[in-house]
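Written out below as structure tokens is the structure these notes cover.
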Amino acid sequence: MKKTDLILILDFGSQYSQLIARRIRELNVYSEIQPYNIDIKKFITSKKNYNIKGIILSGGPSSVIAKNSHKLPKDDFNLLIEQNIPILGICYGLQLLAYLYGGKIHKAKVREYGHTVISIDKKSDLLTGLKNKLNVWMSHGDSIQSLPDFIKVTSVSKNKTLSSFEYKKENVYGLQFHPEVNHTECGTQIIKNFLFRICKVRNLFKPSSFIESKTNEIRQKVGKDYVLCALSGGVDSSVAAILLQRAIGKQLVCIHIDNGLMRKDESKKVVELFRKNFNLNLIFIDASNAFLTKLKNVFDPEEKRKIIGNTFIKVFEREAKRIKIKKGKIKFLVQGTLYPDVIESVSFKGPSATIKSHHNVGGLPEKMNLELIEPFRELFKDEVRKIGIELGLPDYLIKRHPFPGPGLAVRIISNVTKEKLRILREVDDIYINELQNYKLYDNIWQAFAVLLPIQTVGVMGDMRSYENVIALRAVTSKDGMTADFYQFKKEFLTVLSNKIINNVRGVNRLVYDISSKPPSTIEWE
Ligand code: XMP
């Protein structure tokens, strides 16, 4: 099997590190972010299925001239040069490279933040094929005062500040501006030049080779033992289950738990799909009563989330104990962890503040003494979707909007009751069907309805009504971290409003949520 080419991003604390990785992955090139202080030698030898083709040093908040600022050890730098691995420094990364070559860095007279225009030297390798003048995005307080003669300056900003350099002999390149942000004109072209012209990346990330190498890896790890999978029917757990089935067949045991908080007919559809079309070893548990009883009269969102998370763990644990296995034992648990979560937890900056307690299957492995299998630890969501398509999962499942672990409970503001669930399910079903009819579903990251805890007065067939208000939400986003509300046309909203209010008993008013994230969040609770 051909090795996949890899670009390693060393993170010096930039807010854009993840964006660099995304931009590279969008070009089907595999990239990984690691803290600046990893053992590079060890990393290179540990990546047996990959060729390290280039290194990017990210930006960062510190100043190279500050005493204890983060540095790349000289030995690591020399090792990369010896192995002729191209290096690109961005912003702080550029200054670090200048420093390593003995250049001088000083506090800039004119600090550059935001847009600026640079003039490019035609002979640059990294900036080849671009216009003479480029509008780029800067964010730096320090700048280069002097560089050794052998390093060639390839562009300067309108403030006469160095904005890029190259040292071709050692395959070292620096950019003072950020090619990864959208505000930089031709940023993608610059990244392409680095990847394909300088690093000579050829073996792209292919879903088929990912599947082959992951299934081999999983087979070796699991041996004759068994693996458990909590299959919710969302994209990540579905793709993980089918990948595991491909690897270990009947040694995979899936459990789907209906917590009573799923959408209309959702559990039924999930179970049917996976049993009939994929012949999956799937246990179905209807635990709706247990969940709804525990949620009775609970109003606080965090309390709801915790109850649902804990009940899930209890039900799952109980059911797992009942499973009879002929030989071997259940030793592993599959989890659909994605790369953004991994980056957050390995970042040397430490984890961010808890806004909401997210509920997946956290807490299970320790309680049940299970080892984790996380096949998508290195992937972004769009890549998991590509794997799912390659594995033959239906389009509608792959393109489904994300659905939170606590389900409709966090879309019913205040306490959850069966009647509120009925109303919300019906509204949600009409909303999603209409989005599909109008071919809007795939343009939207996530759309859903929220049942508000207020009644309002209406008039229906000359009679006064006093019924519930529904808020509709639809957002566009790349990864759920930031989001904008979707701008529907009036025609669509009119059709939707008539359909919902005329068809769902218990609703007489509809409002549309026009907030973005931040400052709001996507879900209401
Ligand atoms: P917020 O509301 O924090 O949501 O802006 C961001 C994304 O995460 C989803 N979400 C969850 N997903 N378990 C999940 O698996 C959860 O507990 C959970 N809470 C929110 C949300 O739907 C959105 O896509």
Side-chain angles (χ1 to χ4, degrees), residues 18 229-241 256-257 259-263 266 270 291 295 298 300-313 316 333-345 351-364 374 376-377 379-382 384-385 397-413 416 424 428 431-432 435 441-451 471-486 513-525:
Q18 210 184 120
C229 172
L231 177 66
S232 67
V235 176
D236 307 334
S237 70
S238 300
V239 180
H256 175 81
I257 296 173
N259 55 10
L261 305 163
M262 310 286 275
R263 289 159 291 186
E266 192 166 3
V270 171
F291 281 86
L295 284 172
V298 178
D300 178 65
E302 274 301 285
E303 208 184 320
K304 283 190 207 170
R305 283 177 171 274
K306 287 195 179 120
I307 289 174
I308 297 165
N310 291 337
T311 311
F312 184 86
I313 292 177
F316 194 82
L333 179 80
V334 190
Q335 215 159 53
T337 316
L338 299 185
Y339 199 41
D341 309 325
V342 176
I343 297 172
E344 176 129 319
S345 60
S352 50
T354 306
I355 309 291
K356 300 177 186 181
S357 330
H358 273 221
H359 147 59
N360 288 314
V361 277
L364 268 173
E374 299 174 304
F376 307 138
R377 268 181 78 80
L379 303 190
F380 287 102
K381 189 139 197 136
D382 46 342
V384 175
R385 290 193 159 116
L397 193 128
I398 295 297
K399 290 188 175 163
R400 270 176 112 188
H401 293 170
F403 185 62
L408 298 182
V410 289
R411 295 178 179 174
I412 291 174
I413 312 305
V416 177
L424 195 54
D428 178 84
Y431 185 23
I432 299 301
L435 286 173
Y441 188 83
D442 293 346
N443 303 337
I444 291 170
W445 161 267
Q446 204 169 1
F448 55 89
V450 182
L451 180 64
L472 296 180
R473 183 110 168 102
V475 296
T476 53
S477 173
K478 274 218 167 263
D479 46 19
M481 304 290 283
T482 58
D484 279 325
F485 71 90
Y486 189 77
D513 180 349
I514 53 165
S515 31
S516 44
K517 174 181 179 177
S520 304
T521 53
I522 296 178
E523 304 286 347
W524 278 41
E525 286 199 331

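Remember, it's 1-based here, ligands and their atoms both numbered in the order they're listed.
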Below 4.0 Å, non-hydrogen atoms only: which portion of Pro404 touches ligand 1? Side chain, backbone, both or neither.
both
Does the residue Arg305 have a heavy-atom contact with ligand 1, meaning some pair of atoms that are separated by less than 4.0 Å?
yes
So for ligand 1, is Lys517 a polar contact partner (N or O within less than 3.5 Å, distance only)?
yes
Against heavy atoms of Thr521, which atoms of ligand 1 measure under 4.0 Å?
1 (P), 2 (O), 5 (O)
Does any N/O atom on Pro406 come nearer than 3.5 Å to any N/O atom on ligand 1?
no
For Leu295, the option from Ile412, Ile307, Asn259 that meets side-chain contact (heavy atoms from CB on, under 4.5 Å):
Ile307
Could you walk me through whether Lys381 and Asp236 pass the salt bridge (Lys or Arg N to Asp or Glu O under 4.0 Å) check?
CA-CA 8 Å; Lys381 189 139 197 136; Asp236 307 334; 3.2 Å; yes
From Cys229 atom SG to Leu333 atom CG, the distance as rounded to the nearest 0.5 Å
7.5 Å
Describe, in one word, how the ring planes of Tyr339 and Phe380 are oriented to each other, choosing from parallel (under 30°), tilted (30 to 60°) and perpendicular (over 60°).
perpendicular
Residues Glu523 and Arg411 bridged, charged N to O under 4.0 Å:
yes
Would you mind listing which atoms of ligand 1 come within a distance below 4.0 Å of any non-hydrogen atom of Gly405?
13 (N), 14 (C), 15 (O), 16 (C)
